[in-house]
Amino acid sequence: DVLLRLQAVQSARGGARSLSPAALFEAAAKWSQAIDGPALHTLAHAAAAALQPFLSQTGLGLIHGDFWWGNLLRDTNSAVLVDWEESDAHGLLWLDPLLFTLTLLLDVSPAGNHDGPEASEALRWCAAQTGLPSQALPHGLIFAGLYKAVRECEKYRQHDTPVQRWLRACAANAENV
């Protein structure tokens, strides 16, 4: 099972448990009664399958785990990254740039549209940071969204966040991902 193999890369050497398919779907069931479980399952498996060929390109290392612009404190001379409680010394190195790009896209467009100059720039930056080709980026964003949504459910008991709403829309329109 591809999703299990993708999760195994993350969990190797103590990575996050929350990427396991069982935890993912258990948390997803809490997001909303309106979520289509089989569609989300299909979406997750499609994302995992699309990313599988690129797994050898990423490594494990220190990740922030909640990397988004709201955790960057800036002044005129520097920026400081705060809120390290989701950090992982053996996380997938793709995760932080994917999370940052996803939250930026959702901030620019709550529907998560990947068009417009801001979105194009964010996607180019993400491709450069992850090494993922452009056709794999939507699947990477779904993977990051699943990770974030599960963490929101497990840790914060949040069940209707922008990321979760975006994932429901993706599941409902999986052929357009």
Side-chain angles (χ1 to χ4, degrees), residues 1-11 15-16 18-21 24 27-28 31 35-36 39-72 81 86 88 90-152 161-177:
D1 179 73
V2 177
L3 196 57
L4 286 172
R5 285 189 299 234
L6 190 59
Q7 187 269 337
V9 173
Q10 175 69 21
S11 63
S18 63
L19 286 180
S20 74
L24 190 152
W31 299 343
I35 195 156
D36 181 348
L40 183 66
H41 188 270
T42 299
L43 183 71
H45 281 277
L51 293 174
Q52 182 66 34
F54 308 104
L55 277 179
S56 63
Q57 296 174 9
T58 191
L60 300 176
L62 179 63
I63 63 167
H64 184 268
D66 191 19
F67 189 54
W68 70 293
W69 64 266
N71 283 336
L72 284 171
L81 190 56
E86 300 291 329
D88 185 348
H90 302 288
L92 277 174
L93 294 177
W94 284 343
L95 192 58
D96 281 341
L98 288 166
L99 281 171
F100 188 85
T101 302
L102 176 60
T103 55
L104 182 64
L105 290 173
L106 291 175
D107 219 35
V108 170
S109 167
N113 295 331
H114 300 158
D115 51 9
E118 297 90 355
S120 294
E121 186 175 339
L123 289 168
R124 277 193 301 277
W125 175 84
C126 188
Q129 298 302 309
T130 62
L132 287 171
S134 59
Q135 70 271 18
L137 281 178
H139 301 288
L141 295 174
I142 288 167
F143 178 76
L146 291 167
Y147 176 88
K148 176 118 175 112
V150 169
R151 299 301 295 155
E152 290 167 342
T161 68
V163 169
Q164 293 165 2
R165 288 190 295 273
W166 175 75
L167 283 169
R168 281 197 297 270
C170 287
N173 298 303
E175 67 279 356
N176 296 324
V177 173

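Since the model is a prediction, treat every value here as computed from it, not as a measurement. Heavy atoms only: backbone and side chains are in, while hydrogens, waters and symmetry mates are out.
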Flag the pair K148 / D66 as yes when at least one side-chain heavy-atom distance between them is below 4.5 Å, and no otherwise.
yes
How long is the straight-line distance from CD1 of I142 back to CG of L137, given to the nearest 0.5 Å?
11.0 Å
Sub-6.0 Å ring centroid separation between F143 and W94
no
Distance check, rounded to the nearest 0.5 Å: W125 atom CH2 versus T130 atom OG1?
9.0 Å
Apply side-chain contact (heavy atoms from CB on, under 4.5 Å) to residues D88 and L62 and explain how you reach the verdict.
CA-CA 6 Å; D88 185 348; L62 179 63; over 6 Å; no
Using every non-hydrogen atom in the two residues, find where L60 and L93 come nearest and quote the distance to one decimal.
C-CG, 4.1 Å
Separation between CG of L98 and OG1 of T103, rounded to the nearest 0.5 Å:
10.5 Å
At their closest point, which heavy atom of P97 faces which heavy atom of C126, and how far apart are they?
O-SG, 3.7 Å
With a 4.5 Å limit on heavy-atom distance, are the side chains of L51 and L132 in contact?
yes
Nearest heavy-atom contact between Q57 and G131 is OE1-O, 3.4 Å
Please report the interatomic distance CZ(F67) to CG(L102), rounded to the nearest 0.5 Å.
13.5 Å
Minimum heavy-atom separation for P53 and A49, please, with both atom names.
CD-O, 3.4 Å
Looking at CG of L104 and CH2 of W69, how far apart are the two atoms once the value is rounded to the nearest 0.5 Å?
9.5 Å
May I ask you to test the W166-L105 pair for a side-chain heavy-atom distance under 4.5 Å?
no
If we check side chain to side chain contact (heavy atoms under 4.5 Å, CB included) with L146, which of these qualifies: L43, V163, L167?
L167
dist E121:CD -> T101:OG1 (nearest 0.5 Å) comes out at 11.0 Å
Shortest non-hydrogen pair, H139 vs A46, comes out as ND1-O, 4.0 Å
Considering all heavy atoms of both residues, which atom of G65 and which atom of Y147 are nearest to each other, and what is their separation?
O-CE2, 3.7 Å
Do L72 and F100 come close enough that some side-chain heavy atom pair is under 4.5 Å?
yes
